[in-house]
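Residue numbering restarts at 1 for every chain, and letters A, B, ... go by the order of the sequence lines. This structure is a prediction, so every number in the text was calculated from the model and none was measured.
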Amino acid sequence: MPRKMVLNFPPHLIDQPITYRLVKDFGLVVNILRARITPREWGRLVVELSEDGGRWQEAMQFLQEAGVRIEPLAQEVLWHEERCIHCTACVASCPTKALDLADRGTMTVAFDRERCIACEICLKVCPYQAMEIRFD
Amino acid sequence: MSRTIAEINEKIKAGRAVVVTAEEILAVVKEKGLKRAAAEVDVVTTGTFAPMCSSGAYFNLGHTQPRMKIGGGRVTLNNVPAYAGFAAVDIFLGATAIPDDDPRNKIFPGEFPYGGGHVIEDLVAGKDVRLTASAYGTDCYPRRTLDTWIRLADMNETVLFNMRNAYQNYNVAVNLSDRVLYTYMGVLQPRLRNANYCTAGQLSPLLNDPFYRTIGTGTRIFLGGGVGYVVSQGTQHNPGVRRTERGLPRGGAGTLAVTGDLKQMSPRWLRGASFKGYGVTLAVGLGIPIPILDEEMLFYTAVSDADIVAPVVDYSESYPHGKAEILAEVTVAELKTGEISVTGRKVATSGLSSYARAREIAKLLQEWILAGKFLLTEPVAPLPEAESGYTFKPLKERGRAASRKSK
């Protein structure tokens, strides 16, 4: 079962091949959904990780010891339903259909956290600031 | 079969009126046919909730001590400039106004986080808003500066006054170019990757009375959660456009100017909106009851999404340059499936007008009427109709005309 998570890299780890280690040393399947790496700043990698015969526990321990902060993705993305007017402006732009119509009769929008890859496109298209993504 | 508005009002007062929404009427007609439906139904309620930029509000702030003539001076609400070219303490705030120090599109695309639409939302939410003003001072109005907190309840008249709302049908916006476009129709991805539409479709007020038989000056309406009135045709009213066999305009046509007391309204139905790279506006909730005067009116209110066609327009070229080019015509029913076909390509669709909220408005209006709290009105003057020759013309730029000398 692949798990989506956010790996936060302190600035001194930016030039380290962490992802390579996850694949090569621990046998994890790594699917990078989104990455933001800038010199001298905290880096952020949104990944989907699968154990797939690899050594999950050891890999997590390695990340922690290296100073990488691990956060589950679901906590980061917020749909403020009370601010949403269900205009559906977001649905055609959402690449994973995390934001989609729950019902085409009533035309109400629903947000499925599990599908979200934190691409932030919805932040640009929602006129009502109903979407929020919290990153450090 | 025919009935008058006075007769309908008698039934409403007696608690006997049959009121259905513009969505519910479809099932009624399907089950009973036009004739029986027209005989049984008295009122069909409509609704729409969408960004409407030509909205605004005027306020009488009350006089300061000593008195101050803000008229001819400058005034801001939460740092958003309002228009002060009136008497001492009357000001008008437009939905798209933004603070002078907003960076706008200097770093493209601009965020436009706060503006006139948001101030109106905050005021109807009962929030404190910062009022600043400067004036030149006169003998009768000596005060020159003002900086205070104020809320809606503190003011005298607080009136929503929208010069163009409830557009009868609207474009579907697409982007044929190679770059992302940031428009009032939302973010348009390059090379036809999405299509944005803006209509309440079968619930839309003016699509349920396409020839303005019952909606006119003085019509009582649901506005922003309170009771409002139609002032007249809105700006850019353009009733003479091409129509379908049912009489529905094939693009933007009629519009309404409307007004109502902000103190009755709620932030659920007046929402500030920020369109990236474009600006700020106000989403307005508006609903109009359609009296079923006869079978013809029932026929009009039985309009369904499949009957309504909207033009697909390229916002990279045709719209900004004012070219009347249409890439395709699609029905609202197709738009609501989430995908349309444009020049042989499948394009994902998104709305800007909230159908879900439009349904809620039609339902609320239905409840108000059934409870006897809302009576229908006879228009005191009609809107310019389809055959009137009334049109919407572009601006012609020219040099100064020679002044006509009287002989």
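Taking NZ of B:K336 as the reference point, atom CZ of A:R104 lies at 10.0 Å (rounded to 0.5 Å). Here the CD-OG1 distance, from B:E360 to A:T106, works out to 10.5 Å after rounding to the nearest 0.5 Å. In this structure, CG on A:L123 lies 9.0 Å from CD on B:E111, to the nearest 0.5 angstrom. In this structure, the separation between OH on B:Y182 and NZ on A:K124 is 5.0 Å, given to the nearest 0.5 Å.
Residues A:R83 and B:R271 form a side-chain contact, since some pair of their non-hydrogen atoms from C-beta on lies under 4.5 Å apart. Side-chain contact between B:N194 and A:S93 is present, with heavy atoms from C-beta onward closer than 4.5 Å. Residues B:K276 and A:V125 have side chains not in contact (no heavy-atom distance under 4.5 Å, counting atoms from C-beta outward).
In terms of heavy-atom pairs under 4.5 angstrom with chain B, the leader among A:V109, A:V91, A:I121 is A:V91. Most heavy-atom pairs under 4.5 Å with chain B, from the set A:C90, A:C126, A:P127: that is A:P127. Contacts with chain A were tallied for B:S353, B:S274, B:A348, B:A358; B:S274 has the most, counting heavy-atom pairs under 4.5 Å.
At most 12 non-hydrogen atoms from other residues, nucleotides or ligands lie less than 6.0 angstrom from OH of A:Y20.
In this structure, B:S350 and A:A89 approach most closely via the heavy-atom pair OG-O, 3.2 Å. The two residues B:A356 and A:T108 have their closest heavy-atom pair at CB-CG2, 3.9 Å. Considering all non-hydrogen atoms of both residues, A:T88 and B:G351 come closest at OG1-N, 2.6 Å. Of all heavy-atom pairs spanning A:Y128 and B:G272, the tightest one is CD2-O, 3.5 Å.
At a 4.5 Å heavy-atom cutoff, B:Y278 makes no contact with chain A through either its backbone or its side chain. Residue B:T337 touches chain A through its backbone alone, counting heavy-atom pairs closer than 4.5 Å. Heavy-atom distances place the backbone of A:E82, and not its side chain, under 4.5 Å from chain B. With a threshold of 4.5 angstrom between heavy atoms, A:C94 does not approach chain B through any atom at all.
Chain A is approached within less than 4.5 Å, heavy atom to heavy atom, by B:F49, B:P51 from residues 48-56 of chain B, ordered by number.
Residues that satisfy the ring-ring contact (aromatic ring centres under 6.0 Å, His included) test with B:F275, not counting sequence neighbours, are absent from this structure.
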